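See below for the structure under consideration.
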Amino acid sequence: MKEENKKVSKLFRKRWVVPSVYLLSAALILTGVLWFQNKTNDIVQPPADEQTEQGTAVNEQESVPVQQAVEQIIMPVLDPNAVEIAKPFYDFQASAEEQEAALVSYNDEYYPNKGVDIAMKNGESFDVTASLSGTVIKAEKDPLFGYIVHIQHDRGVVTVYQSLKDVQVKTGDTVKQGQVIAKAGTNEFNKEAGVHVHFEIRKDGQAVNPVAYFDQPLSALENNEQQTTEQQAEQQETNQEKTNEQQSDPSSTVPDASIGMART
């Protein structure tokens with residue numbers, strides 16, 4: 001035992017032994033630290049493939065836009081091929097013959113048609129549908145126009161349905177485009193039209209020709225504002241001319257196109 005201790009003491013007296021021990025100890029400590037860090041990273045960090053998949057999923061979620069279908073204005077019937085325009089919209093730019101065809105006679109007075117009167121070719125009743133999705137803001141019975149329904153849409157647009165029966169919606173209801181809201185009926189204001197639906201499109205309270213905007217988005221109505229202003233100016237001038245003619249010829253029976261449809 002003493003001899004072994006002497007050997008160890010003799011070994012440590014050599015200069016290179018102590019530094020070697022220190023270096024070996026440092027190497028072991030450093031190896032232990034590095035091993036512990038690697039184990040920690042393995043626990044916290046997901047695999048590289050998983051990180052790539054997660055990153056791709058997030059990027060795809062952020063980059064894919066939300067696409068919403070833009071509705072186009074449609075005729076308020078289930079089958080457009082089964083109906084016809086019984087009375088057209090009164091257009092200030094139309095010919096005299098076309099304007100005459102768009103006048104409604106009631107109690108010996110003439111009224112310009114602010115929409116279109118749609119009827120079946122065989123004269124029978126039919127389902128009336130929502131031309132656009134929206135909110136019902138009026139659903140009531142009118143003594144002249146029969147049951148009426150007004151539906152509010154975006155961009156200041158309201159669609160109007162008159163001469164209805166068997167109404168299936170009420171004020172406050174949300175309706176989808178193409179949803180059946182009533183059936184075509186008759187009214188007192190335009191008896192000559194028989195069974196029909198009177199359909200209007202109003203932009204900011206101003207009636208426009210529905211036929212001109214079928215199969216077009218609501219944005220198409222934005223271009224109507226300037227045109228409407230010009231039409232109103234021309235109509236005022238025309239009304240003044242007609243007034244002068246009637247004053248000079250009391251027997252004149254030319255209808256005054258400035259008269260609006262009663263209670264709209």
Side-chain angles (χ1 to χ4, degrees), residues 75-76 83-120 123 125 128 131 137-151 157-165 167 182-213 224 227-264:
M75 188 175 287
V83 299
E84 60 185 0
I85 304 298
K87 188 170 287 294
F89 175 83
Y90 186 94
D91 189 347
F92 294 120
Q93 305 299 318
S95 65
E97 292 77 12
E98 291 172 329
Q99 290 181 345
E100 183 177 355
L103 290 174
V104 179
S105 176
Y106 174 73
N107 282 351
D108 297 327
E109 297 285 348
Y110 292 92
Y111 300 85
N113 200 13
K114 291 187 176 181
V116 291
D117 296 335
I118 304 172
M120 286 280 286
S125 183
V128 177
S131 179
I137 58 175
K138 181 183 291 187
E140 62 187 28
K141 186 176 182 179
D142 186 275
L144 276 182
F145 303 114
Y147 282 97
I148 61 176
V149 171
H150 291 198
I151 301 179
V157 174
V158 174
T159 50
V160 176
Y161 311 76
Q162 298 175 355
S163 189
L164 304 174
K165 69 176 184 179
V167 176
K183 285 188 175 294
T186 60
N187 61 32
E188 292 295 322
F189 183 75
N190 190 7
K191 290 183 178 180
E192 295 180 357
V195 177
H196 72 287
V197 58
H198 174 81
F199 176 66
E200 296 181 16
I201 298 176
R202 299 177 185 176
K203 173 69 170 71
D204 298 329
Q206 180 67 41
V208 300
N209 187 356
V211 175
Y213 295 99
N224 177 70
Q227 181 180 357
T228 300
T229 303
E230 295 174 354
Q231 290 177 350
Q232 291 175 342
E234 292 179 4
Q235 182 60 30
Q236 290 177 357
E237 183 179 351
T238 302
N239 292 341
Q240 185 61 44
E241 292 177 356
K242 290 181 178 180
T243 300
N244 295 337
E245 291 177 1
Q246 292 173 354
Q247 289 176 350
S248 61
D249 184 7
S251 63
S252 175
T253 59
V254 177
D256 184 359
S258 66
I259 300 176
M261 292 181 68
R263 283 202 313 254
T264 58

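No experiment lies behind these values; they were computed from the predicted model shown.
Inter-residue side-chain proximity for Phe189 and Tyr111 is flagged as met; some heavy-atom pair is nearer than 4.5 Å. A heavy-atom distance below 4.5 Å is not found between the side chains of Lys183 and Leu164. Side chains of Tyr106 and Leu144 form a contact here, defined as non-hydrogen atoms less than 4.5 Å apart. Under the 4.5 Å side-chain criterion, counting only non-hydrogen atoms from C-beta, Val197 is not in contact with Ser163. By the 4.5 Å heavy-atom criterion applied to side chains, Asn113 and Phe89 are not counted as neighbours. For the pair Asp117/Asn190, a side-chain contact is recorded, criterion being any heavy-atom separation below 4.5 Å from C-beta on.
Of all heavy-atom pairs spanning Pro88 and Ala101, the tightest one is CD-O, 3.7 Å. For Pro143 against Glu188, the heavy-atom pair with the smallest separation is O-CG, 3.7 Å. For Met120 against Ser125, the heavy-atom pair with the smallest separation is CG-O, 4.3 Å. Between Lys165 and Ala182, the closest heavy-atom pair is O-CB, 3.5 Å.
Distance alone, capped at 3.5 Å, places no donor-acceptor pair between the Lys87 side chain and the Val116 backbone.
Between the side chains of Tyr90 and Gln99, at least one donor N or O lies within less than 3.5 Å of an accepting N or O.
Interatomic distance, His150 NE2 to Glu140 CD, rounded to the nearest 0.5 Å: 7.5 Å. The CD atom of Gln93 sits 6.0 Å away from atom CG of Asp91, with the distance rounded to the nearest 0.5 Å. Atom OG1 of residue Thr159 and atom CZ of residue Arg202 lie 10.0 Å apart, to the nearest 0.5 angstrom. For the atom pair CD1 (Ile201) and OG (Ser131), the distance works out to 5.5 Å, reported to the nearest 0.5 Å.
The one candidate from Ile148, Asp142, Val149 that meets the side chain to side chain contact (heavy atoms under 4.5 Å, CB included) condition with Gln162 is Ile148.
Atom CD of Glu100 sits in a sparse spot, with 12 or fewer heavy atoms from other residues, nucleotides or ligands closer than 6.0 Å.
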